[in-house]
Amino acid sequence: MLSDAPYEAQLDARAAALCTACVHAGDAPDPATGVRALDPPLVLSVAFGFDSAEGAAAAFRGESDALIYGRWANPTVQALEAKLAALEGTEDACATASGMAAVSGAVLSECGQGNHIVAPRSMYAESARLLRERLPRLGIETTFVDATEPGAYERALRPATRLLYVETPANPNLAVTDVAAVVALARARGLRTVADNTFATPFAQTPQALGVDLVVHSMTKALGGHGDAIGGCVCGARDDVARARDLIVKGFGGVLSPFNAFLISRGMRTFALRQRQQCASAATLATRLASHPRVAVVHHPSLPTHPGHALARRQMHAFGSLLSFELGGEGALTAGRAVLEGVRTITHAVSLGDVRSLIVHPASTTHSTMPAEARAAAGISDGLLRLSVGIEGVEDLWADLAAALGRA
Ligand SMILES: *Cc1c(COP(=O)(O)O)cnc(C)c1O
């Protein structure tokens, strides 16, 4: 919930609310090393010794917390999971090998053959492929809707509907979905909800607080934040996470490596500080881009002209660090390419949420696997550029963008 107070003061308050958990959650004093290591040690061991025959049998019966095998549980991964649950405000969290392991696993832990899903038209392209191309082979159908339209989810319901999937703000056009409305519909009909919160991050939005059952992330993005580790997670109530963990990690083998858990935990200690800066810079850049003569439209929920602005104020803690914009007029595509090739401080690469600012042309890259009609329906024009704002100085970023736009 955002008030009328100055945005930067609200970002400071949000960072203050999260920073202690970012630093300390999950970092229990470590009994494993016996030297009181402050930083949870990187435990690479695959197996953990039993203290007795009965201890082994009890561990296998699930009657003790004794660790058994690295695919089932690992202390470095567990420390990360405690931090994640603290930030999302959920009872539990399960780390996974990647964001896609979390998305596919969360969906499959909720749905089986004969079930139907309602999902947004505008979503992460590989998640869209999962629902459109892969799950129908398992007898799971999806209807894609304009998730910004009130009533769209309800109109798409079938007797077989089991899951309502949300991703807000959406990739790459930052469309905002009314999460509480989707949750209310799900509860009224006894359906389940999954939210991909990668774009917003728990700094800007906590879907569990709005009633969502399972929250998924690509930790590869802002949570890790340094562009050096692939990972994902599923957050939610204890039983739901246990079911997802059993399927994704134990069954499908989508386990996060302890090394990546170590890196992502380290990244998360500065997560709220990074997001504070990134969200502030994104709002500044969105405002400046919106009045630049070469730019036809800017998509960022901070802008009062953004269709999701009022809703974002109600359901988000911040407007996020991603924005997209379209160059105007004839030759918008060529000019957009010139911007990609003209930036120097900003890097032309995929991924997002990184300490580095990253810019990409979705139509020819991240969303090129989407059929052209689906792309158009999702509001991804050929001239759209997506910018993930990093922690560089905002004036350096603006100078870089302005120079690239001037050359385009
Ligand atoms: C990157 C991303 C994913 C997939 O995550 P990986 O870690 O690359 O598997 C899923 N959803 C969103 C919104 C993403 O940005």
Side-chain angles (χ1 to χ4, degrees), residues 77 80 84 88 93-108 117 119-132 134-135 142 144 147 165-177 179 194-205 207 212 214-235 244 248-249 252-257 259-261 263-264 267-268 275 278 299 301 316 320-324 349-354 356 358-360 362 365-370 378 380 386-390:
V77 175
L80 168 62
L84 285 165
E88 276 295 343
C94 168
T96 60
S98 68
M100 282 316 300
V103 169
S104 56
V107 168
L108 286 170
I117 299 168
R121 253 184 223 144
S122 190
M123 71 194 299
Y124 187 68
E126 194 62 47
S127 305
R129 265 190 88 200
L130 172 80
L131 301 178
R132 180 183 301 108
R134 306 189 202 276
L135 292 190
T142 296
F144 294 92
Y165 190 101
V166 293
E167 186 178 320
T168 177
N171 181 10
N173 61 1
L174 286 305
V176 181
T177 301
V179 179
V194 169
D196 184 335
N197 204 32
T198 304
F199 245 52
T201 83
F203 183 87
Q205 180 170 268
V212 167
L214 286 177
V215 179
V216 296
H217 276 283
S218 168
M219 301 195 294
T220 314
K221 314 292 170 54
L223 287 168
H226 292 71
D228 55 10
I230 298 270
C233 65
V234 179
C235 308
I248 307 169
V249 175
F252 291 161
V255 63
L256 184 69
S257 98
F259 187 65
N260 281 16
L263 289 175
I264 294 168
M268 279 172 63
Q275 278 293 300
Q278 289 170 264
H299 305 283
M316 298 181 79
S321 61
L322 281 122
L323 60 92
S324 55
V350 296
S351 199
L352 54 98
D354 202 278
R356 301 159 195 82
L358 302 170
I359 194 164
V360 71
T365 59
T366 52
H367 288 67
S368 58
T369 58
M370 250 172 134
I380 304 163
R386 188 192 75 193
L387 175 64
S388 168
V389 179

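Numbering of residues begins at 1 and proceeds along the displayed sequence. The shown structure was predicted, so the numbers you read here are calculated from the model rather than taken from an experiment. Atoms within each ligand, like the ligands themselves, are counted from 1 in listed order.
Looking at Ser127 and Tyr165, their side chains come closer than 4.5 Å, going by heavy atoms from C-beta outward. Using a 4.5 Å cut-off on side-chain heavy atoms (C-beta onward), Leu80 and Leu256 make contact.
Smallest separation of non-hydrogen atoms from Gly232 and Met219: O-CE, 3.1 Å.
We find the NE2-CD1 distance between His217 and Ile264 to be 12.0 Å, quoted to the nearest 0.5 Å. Annotation: the span from Arg132 atom CZ to Phe144 atom CZ amounts to 4.5 Å, rounded to 0.5 Å.
Against a heavy-atom cut-off of under 4.0 Å, Glu167 is close to the following atoms of ligand 1: 13 (C). For ligand 1 and Leu352, the ligand atoms under 4.0 Å from any heavy atom of the residue are 15 (O). Residue Ser218 has at least one heavy-atom neighbour below 4.0 Å for each of these atoms of ligand 1: 1 (C), 2 (C), 3 (C), 4 (C), 5 (O), 6 (P), 7 (O). Counting atoms of ligand 1 from 1 in the listed order, those under 4.0 Å from a heavy atom of Gly231 are 7 (O).
In terms of protein heavy atoms, atom 10 (C) of ligand 1 is closest to Tyr124 CD2, 3.4 Å. Of the protein's non-hydrogen atoms, the one nearest atom 6 (P) of ligand 1 is Gly99 N, 3.3 Å. Met100 N, 2.8 Å is the protein heavy atom nearest to atom 9 (O) of ligand 1. Scanning all protein heavy atoms for the shortest distance to atom 13 (C) of ligand 1 gives Asp196 OD2, 3.4 Å. Looking at atom 2 (C) of ligand 1, its nearest protein heavy atom turns out to be Lys221 NZ, 2.5 Å.
Counting only distance, with no hydrogens or angles, the side chain of Thr220 and the backbone of Gly231 share a donor-acceptor pair below 3.5 Å.
If you look at Val216 next to ligand 1, there are no close heavy atoms at all, none under 4.0 Å.
In this model, no donor atom of one side chain and acceptor atom of the other lie less than 3.5 Å apart for Arg386 and Asn173. No donor-acceptor contact under 3.5 angstrom links the side chains of Asn197 and Glu167, judged on distance only.
Ligand 1 has a nitrogen or oxygen under 3.5 angstrom from a nitrogen or oxygen of Thr220.
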